[in-house]
Asker: 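Got a structure here, written out as structure tokens. Questions coming.
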Number of protein chains: 2
Amino acid sequence: MSTTTLTPVFAALADDTRWAILQELGSAELSASALADRLPVTRQAITKHLAVLAECGLVESYRAGREVRHRAVGSRLTETARALEAIGTEWDRRLAAIRRIAEAP
Amino acid sequence: MSTTTLTPVFAALADDTRWAILQELGSAELSASALADRLPVTRQAITKHLAVLAECGLVESYRAGREVRHRAVGSRLTETARALEAIGTEWDRRLAAIRRIAEAP
DNA sequence: GTTGTGTGCAACTCCAGAGTTGCACATGCT
DNA sequence: AGCATGTGCAACTCTGGAGTTGCACACAAC
């Protein structure tokens with residue numbers, strides 16, 4: 001996963017309301033209206049957030065009768081986490097190498 | 001690490017310019033002016049970004065003569081990655097449990 | 001001392017996005 | 001059929017933040 005694909009995910013995760021939505025959808029599959037009942041924002045706001053989250057694969061949706069249920073996609077988060085960890089490790093590795101050279105006798 | 005401490009880190013990582021800065025600082029320790037030479041933004045913009053990144057522990061700084069050098073902190077990223085992975089796993093675990101109950105005979 | 005380079009602070013512009021209201025449409029239930 | 005509920009789309013407001021310019025100060029080198 002490149003940095004280019006990473007940024008939109010972080011942009012999605014940078015909002016408190018979206019985290020609140022994800023927290024709900026990580027415990028149960030809910031419709032936009034059901035989410036609006038549990039959170040202090042409008043259903044339309046929720047719908048917009050769900051679009052952002054779906055765009056980068058953090059939520060999946062399906063119709064159930066006349067309502068649309070949504071759920072959090074944990075694997076997408078795990079995938080992102082692995083990419084992050086790799087980058088962090090790489091930073092430390094490279095900077096440690098530079099320090100080693102600088103302190104060489 | 002709670003979700004509360006997580007959001008600012010993602011807000012910091014949600015910007016392309018900041019990622020560019022982090023990429024540079026993951027390979028070498030540079031001053032704000034040196035970064036401004038390599039990136040298509042002003043030194044003042046870089047300084048603001050560095051403040052955001054330092055605020056959530058993603059970069060560290062130290063004075064070297066009259067200049068201030070900065071470096072990326074990989075461990076902070078790794079730490080965040082582990083928290084993310086735990087949350088993702090938890091989502092999948094809970095939703096799988098619900099599906100199992102729903103499909104029970 | 002003077003010059004050049006690096007830093008710090010403040011005020012300003014500008015746009016993306018978070019949230020709202022309003023209306024129209026679809027579908028389930030009685 | 002009639003009503004209630006869930007959804008979709010569009011237009012609007014408003015604040016945060018990314019980036020800029022401008023100026024003042026610190027320190028190293030000559």
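All heavy atoms count here, side chains included; hydrogens, waters and symmetry mates do not. Protein chains get the first letters and strands the later ones, always in sequence-line order, with residue 1 at the start of each.
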Asker: Can any side-chain N or O of B/R18 pair as donor or acceptor with the backbone N or O of B/A12 at less than 3.5 Å?
Answerer: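 Answer holds: yes.
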
Asker: Of the candidate nucleotides C/dG28, C/dG4, C/dG19, which contains the atom at the shortest distance from the side chain of B/R66?
Answerer: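 The answer is C/dG4, which lies nearest to the side chain.
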
Asker: By the 4.0 Å heavy-atom rule, please label B/V52 as base, sugar-phosphate, or nothing.
Answerer: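 The residue B/V52 makes no contact with any strand.
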
Asker: Write down the distance between CD1 (B/I46) and P (D/dG17), rounded to a whole number of angstrom.
Answerer: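 So the two atoms are 19 Å apart, to the nearest Å.
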
Asker: Could you state the atom-to-atom distance from CZ of B/R63 to P of C/dG6 in whole Å?
Answerer: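 That distance rounds to 13 Å.
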
Asker: Does B/E55 have more than 12 heavy atoms from other residues, nucleotides or ligands lying within 6.0 Å of its CD?
Answerer: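 Atom CD in B/E55 is not crowded, with 12 or fewer foreign heavy atoms closer than 6.0 Å.
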
Asker: Does A/T42 put a side-chain nitrogen or oxygen below 4.0 Å from OP1 or OP2 of C/dT20?
Answerer: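 For C/dT20, OP1 or OP2 has a side-chain N or O of A/T42 closer than 4.0 Å.
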
Asker: Provide, to the nearest angstrom, the distance between the CG atom belonging to A/D16 and the P atom belonging to C/dG17.
Answerer: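 Between P of C/dG17 and CG of A/D16: 17 Å.
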
Asker: At under 4.0 Å, does any side-chain N or O of B/R69 touch on OP1 or OP2 of C/dG6?
Answerer: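 No, B/R69 has no side-chain N/O under 4.0 Å of OP1/OP2 on C/dG6.
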
Asker: Quick one: on DNA chain C, does A/Q44 or B/K48 contact a more 5' nucleotide (nearest heavy atom)?
Answerer: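 Looking at DNA chain C, the more 5' nearest nucleotide goes with B/K48.
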
Asker: Check whether any side-chain nitrogen or oxygen of B/H49 sits under 4.0 Å from OP1 or OP2 of D/dG19, and answer yes or no.
Answerer: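 Checking D/dG19 against B/H49, a side-chain N or O does come within under 4.0 Å of OP1 or OP2.
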
Asker: Is A/T47 near enough to D/dG8 that one of its side-chain N or O atoms lies under 4.0 angstrom from OP1 or OP2?
Answerer: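 Indeed not, no polar side-chain atom of A/T47 lies that close.
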
Asker: Between B/W19 (CH2) and D/dA18 (C1'), how many Å, whole number?
Answerer: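 Interatomic distance, CH2 of B/W19 to C1' of D/dA18: 18 Å.
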
Asker: Name the one of A/V41, A/T47, A/I21 that satisfies side chain to side chain contact (heavy atoms under 4.5 Å, CB included) with A/L35?
Answerer: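 The residue from A/V41, A/T47, A/I21 that satisfies side chain to side chain contact (heavy atoms under 4.5 Å, CB included) with A/L35 turns out to be A/I21.
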
Asker: Could you list the residues that satisfy side-chain hydrogen bond (donor to acceptor under 3.5 Å, both in side chains) with A/R71, not counting sequence neighbours?
Answerer: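 A/R71 satisfies side-chain hydrogen bond (donor to acceptor under 3.5 Å, both in side chains) with A/E29, A/E60 once adjacent residues are dropped.
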
Asker: Rounded to whole Å, how long is the line connecting atom CG of A/L35 with atom P of D/dG6?
Answerer: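 In whole Å, D/dG6 P and A/L35 CG are 12 Å from each other.
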
Asker: Write down the distance between CG (B/D15) and C1' (D/dA18), rounded to a whole number of angstrom.
Answerer: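 Rounded to whole Å, this separation is 7 Å.
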
Asker: Among C/dT21, D/dG19, C/dA18, find the nucleotide with the atom closest to the side chain of B/V41.
Answerer: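 Shortest atom-to-atom distance from the side chain points to D/dG19.
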
Asker: Whole Å only: how far is the CZ atom of A/F10 from the P atom of D/dG17?
Answerer: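 From A/F10 CZ to D/dG17 P: 18 Å.
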
Asker: What pairs with B/E90 under side-chain hydrogen bond (donor to acceptor under 3.5 Å, both in side chains), at least two apart in sequence or on another chain?
Answerer: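 Partners of B/E90 under the side-chain hydrogen bond (donor to acceptor under 3.5 Å, both in side chains) test: B/R93, B/R94.
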
Asker: Would you say a side-chain N or O of B/S33 is under 4.0 Å from OP1 or OP2 of C/dT7?
Answerer: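 B/S33 to C/dT7 OP1/OP2: side-chain N or O found under 4.0 Å.
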
Asker: When you match A/P40 and A/R43 each to their closest nucleotide on DNA chain C, which lands nearer the 5' end?
Answerer: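 Whichever sits nearer the 5' end wins; that is A/P40.
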
Asker: Distance check needed: D/dG19 P versus B/L50 CG, whole Å only.
Answerer: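 That distance rounds to 12 Å.
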
